[in-house]
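These figures come from a predicted structure and were not determined experimentally.
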Amino acid sequence: MSDTAPASKFTPRVFSGIQPSGGLTLGNYLGAIKRFVSMQDEDFETVYCMVDLHAITVWQDPADLRHNTRELAAGFIASGISPDKSILINQSQVPEHAQLGWIFNCVARMGWMGRMTQFKDKAGKNTEKVSLGLFGYPALMAADILVYHATHVPVGEDQKQHLELTRDIAAKFNHDYGVDFFPITEPVIEGAATRVMSLRDGSKKMSKSDPSDASRINMTDDADTIAKKIRKAKTDPDALPSEAAGLENRPEARNLVNIYAALNEQTVDQVLADVGGQQFGTFKPQLAELAVAKLAPISSEMARLMSDPAEIDRILAKGALQAREITAPILKKTYDIVGMVS
Ligand code: AMP
Ligand code: TRP
């Protein structure tokens, strides 16, 4: 590919990542992984990543990090990501991510980083005490994507701002060095559940870091736990509406309907055409049944895969070799553009 290739000349390639900073949640599954799986069968090369270098921007116990990285790999595979169709990697095993990340630390501006809402949320009032890595996090994320010249990035809604920054970094690099080397990546934020909310508070995102376990469904929860969490999920006293417009200002009701629609691969209006008029006492058991039917096979397959961690490590080692065939030449070319003697 020449330096001046137009964006359309880039190989259609998908990259996305998830942090191994805890267990997988239903939010990760519906907001991200389901789309990762379907994109394998479209006209893309697909690369999916456990971003362990991002995870350590906040403290991770080493044994937990190792366990969570393998469990996340098991979650990807159990959800349908095939190591034969996709390249599955652990970020730190492909050193070009961190190497390009450094170059991007020198391209991105402090002011851009300071505007990131995820940084502001995670740092809170404590901006002096958080790691420098947490501040620079989006530059490494841009490197994850651009070291593959990835053209499409499926993510949940919360990553939109980081992807805009990735585009800004690519554009500034191309402009500063007078090249057309990095693609301007397209975010893929689609589906009924791009933002799954907490089961305890419809104004908060479902998150693996929420102190309340009842706020989320973990991919490793058993059928009883899933059913209990849904039964206890916060709702309002009204019946379900028969059209999406009726969910306005009803965040908890909207969340449960969105989850149902995403799990059942329907639109919200299709779901409401069936369940409109029902009370939550009737709707929740149906949602629980659906969630268990979709998630239980994934969690039991995860447990099976986790009983052979050496096999997971082999898959990741193979993924790293495949990945480096793509990333090493792109990093080399970047170094040449920047003026590094090689
Ligand atoms: P993280 O767990 O923060 O590394 O997120 C990994 C992926 O899951 C990203 O694409 C997120 O946007 C997505 N994600 C995380 N939580 C949610 C949620 N509650 N709803 C939808 N997508 C989510
Ligand atoms: N920041 C993402 C998150 O917290 C994880 C991530 C790191 C990522 N690098 C990425 C997502 C590259 C997509 C592409 O969810």
Side-chain angles (χ1 to χ4, degrees), residues 14-24 28 32-33 36 46-76 81 86-108 112-113 116 118-119 121-123 129-150 153-156 158-159 161-163 165-166 169-170 173 182 185 207-209 309 312-313 315-328 330-331 334-335:
V14 167
F15 180 93
S16 197
I18 297 188
Q19 301 185 66
S21 52
L24 276 173
N28 296 134
I33 298 178
F36 297 179
T46 45
V47 185
Y48 298 121
C49 185
M50 277 63 74
V51 288
D52 57 349
L53 297 171
H54 279 107
I56 61 162
T57 57
V58 299
W59 169 252
Q60 304 294 327
D61 173 82
D64 289 349
L65 180 63
R66 209 168 280 125
H67 171 85
N68 289 336
T69 302
R70 292 189 178 119
E71 191 179 77
L72 180 53
F76 276 144
I81 291 171
S86 294
I87 299 177
L88 188 61
I89 51 161
N90 183 35
Q91 190 185 28
S92 61
Q93 289 175 267
V94 183
E96 289 79 12
H97 289 237
Q99 290 173 293
L100 185 62
W102 179 258
I103 307 266
F104 286 170
N105 280 342
C106 303
V107 173
W112 300 359
M113 299 292 176
M116 292 295 111
Q118 185 163 313
F119 174 74
D121 289 347
K122 283 199 176 177
K129 294 239 173 95
V130 295
S131 73
L132 188 55
L134 189 69
F135 192 67
Y137 178 116
L140 179 60
M141 176 162 164
D144 294 337
I145 297 166
L146 295 172
V147 80
Y148 295 87
H149 279 180
V153 182
V155 282
D158 61 342
Q159 296 303 310
Q161 197 186 26
H162 285 157
L163 292 183
L165 192 98
T166 298
I169 289 177
F173 182 99
F182 286 116
T185 302
S207 160
K208 55 188 135 202
S209 58
I312 295 179
D313 293 359
I315 292 171
L316 295 182
K318 182 184 123 203
L321 285 177
Q322 293 173 311
R324 296 192 74 187
E325 284 180 21
I326 304 173
T327 58
I330 291 177
L331 184 76
T334 310
Y335 276 15

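The side-chain heavy atoms of Val130 and Lys122, taken from C-beta on, include no pair separated by under 4.5 Å. With a 4.5 Å cut-off on side-chain heavy atoms, Ile18 and Val51 do not count as touching. In this structure, the side chains of Leu140 and Gln91 come closer than 4.5 Å at one or more pairs of heavy atoms. In this structure the side chain of Lys208 reaches within 4.5 angstrom of the side chain of Asn28, judged on heavy atoms. Taking 4.5 Å as the limit, every side-chain heavy atom of Asp144 sits out of range of all side-chain heavy atoms of Cys49. Counting only heavy atoms from C-beta outward, the side chains of Gln93 and Arg324 never approach each other to under 4.5 Å. Side-chain contact between Val14 and Phe36: absent, with no pair of heavy atoms (C-beta onward) separated by less than 4.5 Å.
Residues passing the ring-ring contact (aromatic ring centres under 6.0 Å, His included) test with Tyr148, sequence neighbours excluded: Phe15, His97. The ring-ring contact (aromatic ring centres under 6.0 Å, His included) search around Phe173 returns Tyr177, Phe182, not counting sequence neighbours. Applying the side chain to side chain contact (heavy atoms under 4.5 Å, CB included) rule to Trp102 yields the partners Asn105, Cys106; only residues at least two apart in sequence or on another chain are considered. Residues satisfying the salt bridge (Lys or Arg N to Asp or Glu O under 4.0 Å) criterion with Asp52, sequence neighbours excluded, are absent altogether. Scanning for side chain to side chain donor-acceptor pair (under 3.5 Å) contacts around Tyr137 gives Gln19, with sequence neighbours left out. Legend: residues meeting side chain to side chain contact (heavy atoms under 4.5 Å, CB included) with Phe135, ordered by chain and number and at least two apart, are Met110, Met113, Phe119. For Thr46, the side chain to side chain donor-acceptor pair (under 3.5 Å) partners two or more places apart in sequence, or in a different chain, are Ser86. Under the side chain to side chain donor-acceptor pair (under 3.5 Å) criterion, Ser131 pairs with no residue, sequence neighbours left out. Taking the side chain to side chain contact (heavy atoms under 4.5 Å, CB included) definition, one finds that Gln99 meets it with Pro95, Glu96, Leu331, Tyr335, sequence neighbours left out.
Among all heavy-atom pairs drawn from Ala323 and Ile89, the shortest one is CB-CG2, 3.9 Å. Nearest heavy atoms, Leu24 versus Gly75: CD1-CA, 3.9 Å. In terms of heavy atoms, Pro20 sits closest to Ala55 at CD-CB, 3.9 Å. Taking each heavy atom of Ile87 and Gly319 in turn, the nearest pair found is CG2-O, 3.4 Å. Closest approach of Val155 and Leu163 over heavy atoms only: CG2-CD1, 3.4 Å.
Formation of a donor-acceptor pair under 3.5 Å by the Tyr48 side chain with backbone atoms of Ile81 is not found in this model. In this structure a side-chain-to-backbone donor-acceptor pair under 3.5 Å is present from Thr185 to Ala150.
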Problem set entry | Working for side chain to side chain contact (heavy atoms under 4.5 Å, CB included), residues Gln159 and Met141 | CA-CA 10 Å; Gln159 296 303 310; Met141 176 162 164; 3.5 Å; yes
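Residues Asp158 and Gln118 have side chains that never bring a donor and an acceptor to within less than 3.5 angstrom of each other.
Distance check: Ile103 CD1 to Leu146 CG gives 12.5 Å after rounding to the nearest 0.5 Å.
Thr69 pairs in a side chain to side chain contact (heavy atoms under 4.5 Å, CB included) with only one of the listed residues (Asp313, Asn90, Ile312), which is Asn90.
Residue pairs meeting the side-chain hydrogen bond (donor to acceptor under 3.5 Å, both in side chains) criterion with at least one partner in residues 55-68, sequence neighbours excluded, are His67-Glu71.
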